[in-house]
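Working notes, structure below.
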Number of protein chains: 2
Amino acid sequence: MIGGVRLREEKRSLGEQAYLSLREAIVTLRLKPGQMVYESELAELLDMSRTPIREAIRTLVVDDLIEVLPQRGMKVSLISTTKVEEARVIREVLEIASLKGGIDRWKNFSDTHDELAAVVESCLAWQKRAAARGDIKDFLDADEAFHRAIVMVGKNRTLQSVVGQMRAHLNRVRVLSVGKLENFDVLLDEHNALYQNIKKGDQSEALSILMHHLRRLVTDMPLVQAAYPDYFTS
Amino acid sequence: MIGGVRLREEKRSLGEQAYLSLREAIVTLRLKPGQMVYESELAELLDMSRTPIREAIRTLVVDDLIEVLPQRGMKVSLISTTKVEEARVIREVLEIASLKGGIDRWKNFSDTHDELAAVVESCLAWQKRAAARGDIKDFLDADEAFHRAIVMVGKNRTLQSVVGQMRAHLNRVRVLSVGKLENFDVLLDEHNALYQNIKKGDQSEALSILMHHLRRLVTDMPLVQAAYPDYFTS
DNA sequence: GATTATCCACTTGTATGCCAGTATTCTCTA
DNA sequence: TAGAGAATACTGGCATACAAGTGGATAATC
């Protein structure tokens, strides 16, 4: 465990592999909202039997990313603006609380914070490279790693996990807005500013940046919904 | 859907039934922390094949309530004081945010609030009856329903669900303290006071009561751990 | 007596087939 | 031509069988 960012498990069951593959496909919209999918089809796609697919699906149902229609098939969940806003609120509340609890402790620079700082800085560099290439997917991966790291300022692994679950819902919308409505340079500047203010212990400023950052989705979502009405619940 | 408290689904798969049964058994400590359990044993116990049991277990693993030891069996997760404290913090932060967002709206009494008020009041009556009988399990069920309802003051279903997940961890400790360290009458008074202050829109007082209420666990947990050391991680 | 290798009983992981439910299509009748 | 009923093709839910991994017990060796 380095700076709260969990190292990749070396040995995963087929079910776990299926879960990660399918979740990634849903969050990046390769499996589109509203699209019908079938157990046997996914089994063939991922080159395994239905059993591990079913295991993965069980967890994706818990994540609210797939909806099972018994004996009919399954549907990738449509994006619910209510669900996205609820998830955003939860994320905001938890990340703010996490930073409030953690920024004061950051001042007492320890080895643990050295590790965390290293991870955060590598994520910022990764984002910069992705932005330079205009690679939206890579940028979002780096964005995800950055926020996963930042939230560990508050040293609460369970909170990190809950916020990660919420981010899956937000990212289905952000995939459609990053690069268009969400400008790379603006996002990079905000991430840098957030981190610099954490480092110097300016809690008030850091929280202000974070709230501004997270509320962009509120503005963007109606525009995304207008552009992709089929992806959203009515 | 009445007052945010989801009506019981009439038709559940065997896997869903298994999940609810096993989760309840874990949270109420009928399946004890650290206890080894086996798929075939649980299948026999719940009178079904291993397949729905495995489905239920997948979700219990996500809940962090069961730990699979591949090819060896499974273990009911030991209670981690770190995990309990992290879950408590998340619950506190989210419930406070929910009430903050909702108490102001409560003043504008609508039909929706009439329904919520009815549910809350029926839960308070349920708790009183359970306390009168000294029925700890029943009291905790009513407590659970009460808090599930109260949190819907903020009208965020996703938040309600996340807080419910957190409460599972807290309740494994509370099962051991309610009736002993946690006095029924004190808990009843606090629930009543919380509700009365929500009704009259006194946000400051309601939040103060809620925080006091939720922090009792901080005091109780070391005592519970001392009394039941085998239930806790070292 | 200690160490190492082997075996076995146990488990979970996975594959597959059957059952039952659902929706669409086809056929028959008025 | 339209409506009702039957047939069919598809699905997920579930049971069961087989594969593979693990750790303890036992035997063999030094």
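Proteins come first, then strands; the chains are lettered A, B, ... in the order of their sequence lines, and each starts at number 1.
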Problem - Distance in Å, A/Ser21 OG paired with A/Leu45 CG, rounded so as to fall on 0.5 Å steps - result: 9.0 Å

Exercise for the section: Give a yes or no on whether the backbone of A/Thr233 and the side-chain of A/Ser80 come within a donor-acceptor separation of less than 3.5 Å. Expected result: no

Practice task
Using a strict 4.0 Å threshold on nitrogen-to-oxygen distance, state whether B/Arg215 and B/Glu92 make a salt bridge.
Solution key: yes

Problem - B/Glu24 and B/Lys137 ion-paired at < 4.0 Å - result: yes

Problem - B/Trp126 versus B/Asp138, side-chain donor and acceptor atoms under 3.5 Å - result: yes

Practice task
Could you tell me whether the side chains of B/Glu121 and B/Tyr195 share a donor-acceptor contact shorter than 3.5 Å?
Solution key: yes

Handout entry: Terminal helix-axis angle for the helix from C/dG1-D/dC30 to C/dA30-D/dT1, with five pairs defining each axis and rounding to 10 degrees
Key = 10°

Fill in the blank from the handout: Once base and sugar-phosphate atoms are separated, protein heavy atoms under 4.0 Å mark nucleotides 5-14 of chain C, 5' to 3', with B, S and - as -----BBBBB

Handout entry: Whole angstrom value for the distance that separates C1' of D/dC10 from CE of A/Met36
Key = 11 Å

Exercise for the section: May I ask you to test the A/Leu14-A/Gln17 pair for a side-chain heavy-atom distance under 4.5 Å? Expected result: yes

Problem - Residue among A/Arg54, A/Arg58, A/Arg72 satisfying salt bridge (Lys or Arg N to Asp or Glu O under 4.0 Å) with A/Glu39 - result: A/Arg54

